[in-house]
Amino acid sequence: MSVQIQITDEKLHKLYAAMDKHKTKPGPLMPTLHDAQKIFGCVPLEIQKMIATELKESIAKINGVVTFYGQFSIVPKGEKIIGVCLGTACYVRGSQGILDAFADDLKLKVGETSEDGKFTLQATRCIGACGLAPVFTVNETVYGNVSVQKAKEIMKTIR
Ligand code: FES
């Protein structure tokens with residue numbers, strides 16, 4: 001399943017306004033990419049091309065940055081990004097079962113976004129909250145010491 005990115009005039013206007021602002025300072029690429037990710041929910045190739053032209057950077061460089069850093073994405077992500085930690089501490093405490101339960105509940109595979117654009121399911125590496133293992137995140141919120149049952153209950157509340 002995939003979500004179509006919407007490139008509206010309003011969003012483009014925001015992107016160009018952001019670039020105008022960032023161009024006045026040194027190193028405009030990273031802040032521009034952050035803004036583009038926020039505005040469009042991702043930075044696909046057609047947006048990268050616009051940024052390349054405006055900032056006079058090569059597409060190869062921009063694409064390299066977008067694919068290297070986890071905070072950027074080429075395909076749209078959902079409003080709520082669910083990340084289940086599969087780091088060692090979480091894994092041995094059953095996080096794979098939590099990931100499977102979410103996959104089942106949302107009918108998504110890892111890395112996919114629901115067609116309505118609400119949810120993206122991700123498996124993450126250790127997020128540094130091993131004392132709370134197993135953990136998962138919904139955007140910035142961390143849920144710790146979760147069982148499959150508890151994860152399902154939390155899921156009902158965020159739907
Ligand atoms: S292994 Fe999951 S938070 Fe560290």
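Atoms within each ligand, like the ligands themselves, are counted from 1 in listed order.
Taking Ile, Leu, Val, Met, Phe, Trp and Tyr as hydrophobic and joining them when side-chain heavy atoms fall under 4.5 Å apart, one finds Ile81 isolated, its cluster having no other members. Grouping Ile, Leu, Val, Met, Phe, Trp and Tyr residues whose side-chain heavy atoms lie under 4.5 Å apart, directly or via other members, places Ile127 in a hydrophobic cluster with Leu132, Val135, Val142.
Screening residues 6-64 for ring pair (Phe, Tyr, Trp, His ring centres under 6.0 Å) gives His34-Phe72 as the qualifying pairs, with residues at least two apart or on separate chains.
Around the CD atom of Glu10, the shell of radius 6.0 Å holds no more than 12 heavy atoms that belong to other residues, nucleotides or ligands.
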inquiry  = ring-ring contact (aromatic ring centres under 6.0 Å, His included) for Phe102 and Phe119? Distances and angles first, verdict last.
reply    = CA-CA 10 Å; Phe102 282 145; Phe119 295 103; 9.1 Å; no
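Under the 4.5 Å side-chain heavy-atom criterion for grouping Ile, Leu, Val, Met, Phe, Trp and Tyr, Leu12 is connected to Val43 within one hydrophobic cluster.
With a cut-off of 2.8 Å, the protein N/O/S atoms near atom 4 (Fe) of ligand 1 add up to 2.
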